[in-house]
Amino acid sequence: MTKIQEFNDLHTSEELLFLGNAWDLLSALTLEKVGFKAIGTTSWGIANSLGYIDGELIDFDRHLSIIKTIAENVNIPVSADIEAGYSENVEIVVNNVLKTADIGVVGINIEDSLKKQKGLREISKHCNLLEKIRIALDTNGFKNFYINARTDTYFQRENPLLETIDRAKSYVESGASGIFVPGMKLEEDIREVALKINAPLNVLSLPGLTNCNKLKELGVKRFSFGNALSDKYIAFLEKNTEQLIECKDTTHLYID
């Protein structure tokens, strides 16, 4: 079985896919070591590790090199977060997806947010992009490569539910393997979206939205925590390094 098929199967099994989000090799190896079955990279975490904020500010090839290092050194499937594709040009985005597939990952997250201005890409334009991505993947030896189509309706719309369902259905018809709706938190909304779309639903961990078993009951097939772990790691690092300077003492480094 290929890793691409293995990753697809994780979305259709009885169990919810609890995806570990990594930002460098150490975090990826740790997630694999403790038992996560697949890894998704976090663009936010990678950006922070390089001194940037999220939002496609890193050179794409530099971003890709980090993802490649992760994919080459773990044995579990890795999906790459490539934000909106690192370009507004369709051909460049498609080429970036192929470059990503070439490094050995099994899927991508690609979102419909605009990067140079507030707003979402028009549904028809985003569907056109997804169709071109799927065709390019299929014709270049990456059949069933997992396209997790992220919609940012819950970040950018006041009443997002109906548009979310509309976009999700259209994205699946255009070649998306699954739908990712970060920011969606209400149980009734989650249940409704899961029922209305014919594809695995991925939601993002938030305060009050944390339990895999509960999400499974609502119809969620994939659960990820995004940059929450990397933020926790950075906060821990800052707290302990500040304590070193304040106390001029290293005792706390040896206390569990």
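Residue I133 forms a side chain to side chain contact (heavy atoms under 4.5 Å, CB included) with just one option from V97, V90, N96, and that option is V97. For the side chain to side chain donor-acceptor pair (under 3.5 Å) with E83, the lone residue among R150, K115, H63 that qualifies is K115. Among D152, D189, T153, N159, the one residue that satisfies the side chain to side chain donor-acceptor pair (under 3.5 Å) test with T164 is T153.
The OG1 atom of T250 sits 10.0 Å away from atom CD1 of I255, with the distance rounded to the nearest 0.5 Å. In this structure, L64 CG and T41 OG1 are separated by 9.5 Å, a value rounded to the nearest 0.5 Å. Note that the CG atom of D24 and the CD1 atom of I70 stand 6.5 Å from one another [nearest 0.5 Å]. Going from atom CG of L215 over to atom OG1 of T210 covers 8.0 Å, rounded to the nearest 0.5 Å. Interatomic distance, CG of L218 versus CD of E187, reported as 5.0 Å (0.5 Å rounding).
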- Task: Could you go through the salt bridge (Lys or Arg N to Asp or Glu O under 4.0 Å) check for K37 and E6 one step at a time?
- Result: CA-CA 10 Å; K37 294 182 179 179; E6 179 184 349; over 6 Å; no
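Side-chain N/O atoms of D112 and T151 include a donor and acceptor closer than 3.5 Å. Between the side chains of D9 and Q5, a donor-acceptor pair is found at a separation under 3.5 Å.
Put simply, the side chain of P77 does not reach to within 4.5 Å of the side chain of Y146, judged on heavy atoms.
Hydrophobic clustering places V34 together with L19 (ILVMFWY residues linked when any side-chain heavy atoms are closer than 4.5 Å, directly or through intermediates).
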